[in-house]
Amino acid sequence: MTGNAAMTRHEVRECAFLILFEMSFREDETTEEMYALAEEVQELRVTEAVREMVEGVLLHKEALDEIIAKYSTKRSISRLPRLNLTILRLALFEILYDESMPDNAAISEAITLAGEYTYQEDTAFINGVLGSYVRENRIQEQQEENA
């Protein structure tokens with residue numbers, strides 16, 4: 001992902017995902033150190049869009065983890081593989097905080113990342129957690145609109 005061409009939304013997301021995943025192993029390093037490492041070692045482009053996504057997930061990590069814990073009915077959050085947890089955080093961040101991203105597109109992108117980086121059963125799990133969250137919240141929104 002080097003070069004000067006604009007990054008696609010998928011490339012931005014994948015770059016953010018890789019940085020966030022790496023950060024889950026290097027909690028003692030600063031975000032800036034991780035960006036430098038990503039550019040130097042992994043040859044990733046750390047654009048402003050990537051920074052916004054990474055920093056947004058980090059800023060809202062606690063709230064995102066609460067949602068994941070609520071909708072991960074069969075596995076506690078502490079037992080989730082880091083890949084799955086990172087994908088779920090990223091997708092929920094987009095669903096909650098990016099108004100330009102439709103829920104179904106965020107889920108689809110999460111499934112794409114899961115398909116590339118996780119096992120098949122993990123992909124189904126991620127889809128289930130995100131689908132349950134979106135369905136329940138759509139019902140709540142509709143009830144609030146009709147009240």
Side-chain angles (χ1 to χ4, degrees), residues 1-2 6-35 37-39 41-145:
M1 277 190 232
T2 59
M7 293 174 74
T8 65
R9 180 75 184 222
H10 177 77
E11 290 170 334
V12 168
R13 183 179 298 101
E14 187 170 22
C15 187
F17 161 73
L18 292 169
I19 292 168
L20 287 164
F21 179 66
E22 185 69 27
M23 288 178 92
S24 72
F25 294 97
R26 299 170 176 257
E27 294 178 4
D28 55 329
E29 296 194 34
T30 68
T31 309
E32 289 303 318
E33 288 171 327
M34 292 306 300
Y35 293 149
L37 183 68
E39 288 180 318
V41 177
Q42 296 177 315
E43 296 183 1
L44 299 175
R45 285 182 48 217
V46 181
T47 63
E48 189 59 35
V50 171
R51 288 174 178 266
E52 286 175 15
M53 199 171 278
V54 168
E55 291 166 21
V57 170
L58 294 175
L59 179 66
H60 299 288
K61 184 174 153 186
E62 193 173 302
L64 299 171
D65 285 356
E66 286 177 21
I67 293 168
I68 294 166
K70 178 179 177 181
Y71 290 92
S72 174
T73 57
K74 295 194 167 118
R75 300 183 209 174
S76 71
I77 197 166
S78 63
R79 299 195 36 93
L80 292 178
R82 290 179 194 214
L83 285 168
N84 296 4
L85 189 55
T86 304
I87 291 168
L88 286 166
R89 285 174 178 158
L90 195 54
L92 284 168
F93 171 75
E94 288 189 288
I95 289 167
L96 289 165
Y97 302 104
D98 185 347
E99 292 180 16
S100 69
M101 175 61 76
D103 295 349
N104 59 345
I107 293 172
S108 177
E109 286 291 335
I111 298 310
T112 299
L113 279 175
E116 292 177 35
Y117 293 98
T118 69
Y119 297 110
Q120 188 172 353
E121 59 270 13
D122 293 328
T123 301
F125 170 76
I126 290 167
N127 189 35
V129 169
L130 295 173
S132 294
Y133 172 77
V134 167
R135 276 190 302 280
E136 186 171 304
N137 284 292
R138 280 191 183 145
I139 291 168
Q140 284 179 351
E141 288 171 5
Q142 290 171 350
Q143 288 172 344
E144 290 170 8
E145 287 174 10

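The structure places CE of M34 at 9.0 Å from OG1 of T31, a figure rounded to the nearest 0.5 Å. The distance from atom CG of L85 to atom CG of L64, rounded to the nearest 0.5 Å, is 9.5 Å. How far CD1 of I95 is from CE of M101: 9.5 Å, rounded to the nearest 0.5 Å. Between the CD atom in E62 and the CD1 atom in I67 there is a gap of 11.5 Å [rounded to 0.5 Å]. Atom CZ of R75 is separated from atom CG of D122 by 5.5 Å, given to the nearest 0.5 angstrom. Note that CD1 of I77 and CG of N84 are 11.0 Å apart. Values are rounded to the nearest 0.5 Å.
A pairwise comparison of heavy atoms in Y35 and E55 identifies OH-OE2, 2.8 Å as the closest pair. When all heavy atoms of M7 and C15 are compared, the closest pair comes out as CE-CB, 4.1 Å. When every heavy atom of I126 is checked against every heavy atom of A110, the shortest pair comes out as CG2-CB, 4.3 Å. Across all non-hydrogen atoms, the minimal contact from T123 to G115 is OG1-N, 3.8 Å.
The local environment of CD in Q120 is sparse, with at most 12 non-hydrogen atoms from other residues, nucleotides or ligands closer than 6.0 Å.
Within the 4.5 Å cutoff, the side chain of R13 has heavy atoms near those of the E94 side chain. With contacts defined as side-chain heavy-atom distances shorter than 4.5 Å, the pair I19/M23 qualifies. In this structure, the side chains of M53 and R9 come closer than 4.5 Å at one or more pairs of heavy atoms. Residues L96 and H60 form no side-chain contact, since every pair of their non-hydrogen atoms from C-beta on lies 4.5 Å or further apart. You'll find the side chain of L58 reaches within 4.5 Å of the side chain of L20, heavy atoms only.
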Under the side chain to side chain contact (heavy atoms under 4.5 Å, CB included) criterion, do L113 and L90 qualify, and how do the steps go?
-> CA-CA 10 Å; L113 279 175; L90 195 54; 4.2 Å; yes

Intermediate values then yes/no, side chain to side chain contact (heavy atoms under 4.5 Å, CB included), R138 and V134 = CA-CA 6 Å; R138 280 191 183 145; V134 167; 3.5 Å; yes

Could you walk me through whether R26 and E33 pass salt bridge (charged side-chain N to carboxylate O under 4.0 Å, His left out), step by step?
-> CA-CA 10 Å; R26 299 170 176 257; E33 288 171 327; over 6 Å; no

Given side chain to side chain contact (heavy atoms under 4.5 Å, CB included), test L44 with L18 step by step and report yes or no.
-> CA-CA 9 Å; L44 299 175; L18 292 169; 4.1 Å; yes

Working for side chain to side chain contact (heavy atoms under 4.5 Å, CB included), residues F125 and L80 | CA-CA 10 Å; F125 170 76; L80 292 178; 3.4 Å; yes

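In this pair, Y133 and Y71 present their aromatic rings perpendicular. The plane angle is above 60°, beyond the 30 to 60° band.
Side-chain N or O atoms of S108 include none that pairs as donor or acceptor with a backbone N or O of N104 at under 3.5 Å.
When ring centroids are compared, Y117 and F21 stay outside the 6.0 Å threshold.
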